[in-house]
Amino acid sequence: MKRSNIYILLSLFVIISVSGCKKRDLTSTSEQEILFQYDYRSSSQHSGYFIDSEGNVFTYNDPSFWNNPDNDLEISQEQIAENIGNSVFSGIKIPEDELSRYSKVIEFIASSKVTGPGKSIPVEGTAQYICYQYNENSQKYRGHLIRSEGNVTRENLNFHSKRVAQWMKEIGISVIP
């Protein structure tokens with residue numbers, strides 16, 4: 001009888017171990033170039049930065065050519081590569097453990113709702129904090145709004161979104177003049 005209990009416990013352990021490895025734990029693939037983007041736009045300025053899957057921070061400031069995501073924040077891998085080509089490496093690389101800590105919550109942010117546009121103080125321009133998921137089949141990125149500030153204020157309702165937005169603001173202080 002004790003042996004059967006051991007087999008049952010061992011079987012349960014294996015099942016729990018296997019089921020614990022969910023797709024959400026796999027935050028990036030070998031083909032995913034970018035994880036996060038900060039984008040600021042006004043009538044006279046377009047600037048921001050990308051964080052790639054290796055933690056490199058690339059900045060842009062009024063690029064002469066730029067591919068914009070569609071209304072659903074989708075953009076192709078080819079267009080992302082062109083945008084990165086119009087960006088400059090800032091010299092900053094996010095440490096691997098820090099990048100992992102924030103990228104592992106992308107799945108949770110992606111599955112959460114975003115508030116409707118809220119009232120804000122009239123200012124020129126809007127800043128968006130975005131995280132991305134890459135679909136290997138379509139070779140497209142799907143952006144998910146973490147936070148929007150300025151003319152349009154919106155916020156992702158996920159618990160992790162405030163922490164990720166604050167982290168991205170801190171990065172922005174060091175890379176955007």
Side-chain angles (χ1 to χ4, degrees), residues 24-70 72-110 114 120 123-136 139-156 158-177:
R24 72 172 184 236
D25 296 331
L26 306 173
T27 56
S28 66
T29 66
S30 59
E31 294 188 35
Q32 182 162 350
E33 282 189 63
I34 64 162
L35 297 172
F36 299 98
Q37 179 182 10
Y38 165 82
D39 189 69
Y40 175 79
R41 292 174 188 258
S42 70
S43 60
S44 62
Q45 184 182 3
H46 178 213
S47 60
Y49 66 85
F50 288 111
I51 301 172
D52 73 7
S53 59
E54 294 180 11
N56 298 309
V57 180
F58 294 90
T59 62
Y60 53 92
N61 190 10
D62 294 324
S64 58
F65 175 78
W66 197 256
N67 295 297
N68 296 307
D70 65 17
D72 294 327
L73 292 179
E74 279 195 350
I75 187 167
S76 73
Q77 180 155 345
E78 182 179 303
Q79 291 172 314
I80 286 291
E82 289 175 354
N83 287 352
I84 289 176
N86 288 314
S87 301
V88 177
F89 178 57
S90 67
I92 294 175
K93 184 169 181 161
I94 307 298
E96 189 176 324
D97 61 329
E98 183 179 333
L99 183 64
S100 175
R101 181 171 54 245
Y102 290 99
S103 64
K104 72 181 180 183
V105 300
I106 290 174
E107 184 75 24
F108 300 113
I109 292 171
V114 176
S120 62
V123 294
E124 184 182 347
T126 299
Q128 291 187 322
Y129 300 86
I130 302 167
C131 60
Y132 288 95
Q133 290 179 306
Y134 179 66
N135 182 320
E136 289 183 27
Q139 294 189 334
K140 288 189 175 187
Y141 287 88
R142 175 70 188 252
H144 303 283
L145 187 66
I146 300 168
R147 183 167 177 79
S148 176
E149 301 172 335
N151 291 338
V152 178
T153 301
R154 300 178 73 197
E155 188 166 0
N156 190 294
N158 185 271
F159 170 78
H160 300 287
S161 63
K162 287 183 185 197
R163 186 169 45 104
V164 175
Q166 183 59 41
W167 172 69
M168 291 179 71
K169 283 180 185 183
E170 291 168 8
I171 293 169
I173 290 169
S174 60
V175 297
I176 297 176

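All residue numbers refer to positions in the sequence shown, counting from 1.
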Taking all heavy atoms of Thr59 and all of Ser90, pick out the closest pair and write down the distance. CG2-CB, 4.0 Å

Compare every heavy atom of Ile92 with every heavy atom of Ser174, then report the nearest pair and how far apart it is. OG-CD1, 3.6 Å

Given the rule in the side-chain hydrogen bond (donor to acceptor under 3.5 Å, both in side chains) test, do Gln128 and Asp39 qualify, once you have shown the distances and angles that lead to the verdict? CA-CA 5 Å; Gln128 291 187 322; Asp39 189 69; over 6 Å; no

Is the closest basic N to carboxylate O distance between Lys93 and Glu98 below 4.0 Å? no

Asp72 side chain to Glu74 backbone, donor-acceptor under 3.5 Å: no

Exercise: identify the closest heavy-atom pair between Ile106 and Tyr132: CG2-O, 3.7 Å

Side chains of Asn158 and Arg163 only: does a donor on one sit below 3.5 Å from an acceptor on the other? no

Is it true that, when you exclude Phe89 itself, more than 12 heavy atoms of the residues, nucleotides or ligands shown sit nearer than 6.0 Å to its CZ? yes

Please evaluate residues Gln77 and Tyr134 with respect to the criterion side-chain hydrogen bond (donor to acceptor under 3.5 Å, both in side chains), reporting the C-alpha separation (whole Å), side-chain torsions for both, the decisive distance (0.1 Å), and the verdict. CA-CA 8 Å; Gln77 180 155 345; Tyr134 179 66; 2.4 Å; yes

Test side chain to side chain contact (heavy atoms under 4.5 Å, CB included) applied to Arg41 and Thr126, step by step: CA-CA 5 Å; Arg41 292 174 188 258; Thr126 299; 5.8 Å; no

Test Phe50 against every option in Tyr141, Tyr38, Tyr60 by the ring-ring contact (aromatic ring centres under 6.0 Å, His included) rule and name the one that passes. Tyr60

So how far is it from Ile75 CD1 to Ile130 CD1, rounded to the nearest 0.5 Å? 9.5 Å

